Amino acid sequence: MRRGILTVAAVGLLTAGSLTACGNDSSGAAGRPKPKIGVILPDSASSNRWETADRRYLEAAFKAAGVDYDIQNAQNDKARFVTIAEQMITNGVTALMITNLDSGTGKAVLDKATQKGVATIDYDRPTLGGSAQYYVSFDNVAVGRLQGEGLVKCLTDKGIKTPVIAELNGSPTDNNAVQFKEGYDSVLQPRYDSKQYRKGPDQSVPEWNNTTGGTIFEQMLTQTNGRIDAVVAANDGLANAVISVLAKNKLNGKVPVTGQDADAQALQHILSGDQCMTVYKPVRTEAEAAADLAIALARGERKKTEQSFRDPKGNRNVPAVLLGAQAITKETVQDVIADGYVDKADVCTAKYAALCAQAGID
Ligand code: BGC
């Protein structure tokens with residue numbers, strides 16, 4: 001069971017480890033500004049990951065390298081995002097890493113940084129038409145494929161025939177959401193075409209807003225007179241909103257729901273059978289790969305990456321690190337805890353203690 005995670009981690013390490021320095025100054029030469037890295041995270045409500053995982057792992061990587069850093073969160077406010085970036089540039093960051101709120105704001109910030117000679121990285125979300133020197137993320141189409149395959153498996157296990165599938169997609173301004181959808185639709189569309197599955201409502205949730213997601217799902221359920229047999233929810237926050245609506249209608253546990261991010265609450269929902277699966281993205285590896293590049297850039301170095309991301313708007317290939325992810329079901333919840341991503345205490349609370357024991361979580 002642990003093999004999956006180890007494979008993911010090994011791929012990550014290999015990729016990150018294969019970054020090779022090709023600058024000639026590894027310590028920051030005299031006369032160069034002191035390396036300092038600025039990071040802007042998007043919000044703390046659309047997913048727990050940004051504050052509980054990304055910040056923690058980025059901080060650890062910068063501390064280990066002994067480099068100055070400033071990590072801030074734009075709290076889903078685009079004006080604030082731009083202001084934070086301007087302040088960071090004024091305060092002398094030599095590299096700026098952003099997770100954009102949309103490509104327009106992201107581009108404005110990246111262009112300004114570039115004009116001022118500040119190196120740039122897109123972290124997790126790409127800025128289409130932007131100017132980042134690197135992009136660090138996961139293979140997000142593959143993440144979506146895992147969601148689609150996970151849903152198919154749950155439907156098969158439950159013996160649900162010709163199900164009506166609802167799709168609750170992420171923010172339309174986040175290219176990751178577009179890629180997740182591309183991934184799950186690559187699994188589901190052939191089944192819609194062959195009439196094995198029936199396509200139900202399909203809607204995006206602006207800004208990944210979990211509350212809006214719940215409202216949209218409630219409307220989907222009303223429109224279909226409750227005829228929804230399975231739900232692709234693009235991340236765990238949206239899955240939780242869907243599960244709350246299902247619970248109000250006494251449908252939780254009957255209707256499989258997917259997710260993504262492997263947060264503690266989703267792992268609990270998986271143990272209780274309310275959520276069918278989630279996707280574990282080893283954010284530690286992502287953060288370490290991004291920090292590695294940022295540290296090099298901040299010191300005036302360049303590194304080669306083995307992968308690239310095609311920016312369809314900017315028509316350019318951005319040097320990239322794109323990591324692998326793993327589907328998590330009841331049988332593998334333990335792996336996420338063993339990897340140190342989520343604490344056992346946050347999953348195995350009193351209410352879930354018996355389920356944790358049954359699932360062999362130690
Ligand atoms: C990230 C997901 C996250 C979502 C909402 C996406 O860009 O890849 O991990 O759940 O944003 O914050």
Side-chain angles (χ1 to χ4, degrees), residues 4-5 7-9 11-12 14-16 42 46-47 49 99-100 102-103 106 121-130 132 134-154 165-193 197 199 202-205 208 230-239 257-262 276-283 285-286 289-290 305-329:
I5 294 255
T7 311
V8 167
V11 168
L14 239 185
T15 314
S46 65
S47 170
R49 62 167 285 183
T99 305
N100 70 48
D102 66 5
S103 284
I121 297 181
D122 269 333
Y123 181 66
D124 201 75
R125 298 179 182 166
T127 300
L128 302 188
Y134 294 103
Y135 173 48
V136 179
S137 190
F138 294 88
D139 177 342
N140 291 311
V141 176
V143 168
R145 218 178 293 126
L146 290 176
Q147 294 175 307
E149 287 161 356
L151 195 74
V152 169
K153 179 160 190 322
C154 290
I165 315 283
E167 296 187 20
L168 196 59
N169 313 301
S171 170
T173 62
D174 178 355
N175 192 68
N176 288 351
V178 174
Q179 292 203 313
F180 301 144
K181 183 167 172 58
E182 186 186 329
Y184 48 74
D185 279 347
S186 74
V187 176
L188 298 172
Q189 192 60 48
R191 290 172 166 83
Y192 299 144
D193 293 343
Y197 288 2
K199 188 163 168 54
D202 178 359
Q203 230 175 297
S204 295
V205 180
W208 291 96
V231 187
V232 181
N235 78 351
D236 287 341
L238 296 176
V257 181
T258 66
Q260 163 182 191
D261 287 342
C276 136
M277 58 85 69
T278 185
V279 178
Y280 172 51
K281 301 191 295 191
V283 172
T285 312
E286 182 185 27
T305 63
E306 285 184 348
Q307 294 158 295
S308 65
F309 170 81
R310 179 77 192 161
D311 172 355
K313 194 158 177 217
N315 277 325
R316 65 175 189 129
N317 291 328
V318 186
V321 177
L322 301 170
L323 302 161
Q326 190 188 348
I328 298 296
T329 56

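This chain uses plain numbering: 1 for the first residue, then up along the sequence. Just so it is clear, the model here is predicted, and its values are computed rather than measured. Computed over heavy atoms, backbone and side chain alike; hydrogens, waters and symmetry mates excluded.
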Can you name the closest pair of heavy atoms from Trp208 and Ser171 and give their distance?
-> CD1-CB, 3.4 Å
Heavy atoms only: give me the nearest Ala327-Met277 pair and the separation to one decimal.
-> CB-CE, 3.9 Å
Which heavy atom in Gly183 sits nearest to a heavy atom in Ser186, and how many Å separate them?
-> O-OG, 2.6 Å
Under the ring-ring contact (aromatic ring centres under 6.0 Å, His included) test, residues paired with Tyr135 that sit two or more places apart | Phe309
Of all residues at least two apart in sequence or in a different chain, which pass the side-chain hydrogen bond (donor to acceptor under 3.5 Å, both in side chains) check with Ser103?
-> none
Quick one: list whatever passes salt bridge (Lys or Arg N to Asp or Glu O under 4.0 Å) with Arg125, sequence neighbours left out.
-> Asp174
Looking at CG of Asn175 and CG of Leu128, how far apart are the two atoms once the value is rounded to the nearest 0.5 Å?
-> 4.5 Å
Under the salt bridge (Lys or Arg N to Asp or Glu O under 4.0 Å) test, residues paired with Asp102 that sit two or more places apart = Lys78
Candidates Leu238, Ile165, Val187 - the one meeting side chain to side chain contact (heavy atoms under 4.5 Å, CB included) with Val232 | Ile165
Measure the shortest side-chain to side-chain distance between Lys281 and Leu323 over non-hydrogen atoms and say whether it is less than 4.5 angstrom.
-> no
Just list the side-chain donor-acceptor pairs under 3.5 Å for residues 142-153, sequence neighbours left out, or say none.
{"from": "Gln147", "atom 1": "NE2", "to": "Ala234", "atom 2": "O", "distance (Å)": "3.0"}
{"from": "Gln147", "atom 1": "NE2", "to": "Gly259", "atom 2": "O", "distance (Å)": "2.9"}
{"from": "Lys153", "atom 1": "NZ", "to": "Asp157", "atom 2": "OD2", "distance (Å)": "2.8"}

Work out which heavy atom in Ala289 is nearest to a heavy atom in Val321; give both atom names and the distance.
-> CB-CG1, 4.1 Å
For Gln189, which residues count as a side-chain contact (heavy atoms from CB on, under 4.5 Å) partner, sequence neighbours excluded?
-> Tyr192, Asp193
If only atom types and distance count, is the side chain of Asn235 paired as donor or acceptor with the main-chain N or O of Gly170 below 3.5 Å?
-> no
Any side-chain heavy-atom pair of Tyr184 and Asn169 under 4.5 Å = yes
By salt bridge (Lys or Arg N to Asp or Glu O under 4.0 Å), Asp311 pairs with (sequence neighbours left out) none
Can you spot which of Asn100, Asn140, Asn176 makes a side-chain hydrogen bond (donor to acceptor under 3.5 Å, both in side chains) with Asp124?
-> Asn176
Closest approach of Val257 to Ala233 (non-hydrogen atoms, all atoms of both residues) | CG1-CB, 4.1 Å
For Ser47, what residues pass the side-chain hydrogen bond (donor to acceptor under 3.5 Å, both in side chains) criterion, not counting sequence neighbours?
-> Asp261
Taking side-chain hydrogen bond (donor to acceptor under 3.5 Å, both in side chains) as the test, write out the residues that go with Lys181, two or more places apart.
-> Glu167, Asp185, Asp202
side-chain contact (heavy atoms from CB on, under 4.5 Å) involving Asn317 - partner list, sequence neighbours excluded | Ser308, Arg310
Out of curiosity, Arg49 CZ to Thr99 OG1, how far, rounded to the nearest 0.5 Å?
-> 7.5 Å
So Thr258 and Gln260, side-chain contact (heavy atoms from CB on, under 4.5 Å) or not? Walk me through it.
-> CA-CA 7 Å; Thr258 66; Gln260 163 182 191; over 6 Å; no
Minimum-distance pair of heavy atoms, taken over all atoms of Pro282 and Ala325 | CD-CA, 4.4 Å
Name all residues meeting the side-chain hydrogen bond (donor to acceptor under 3.5 Å, both in side chains) criterion together with Thr278; count only those two or more places apart in sequence or in a different chain, and write none if there are none.
-> Asp236
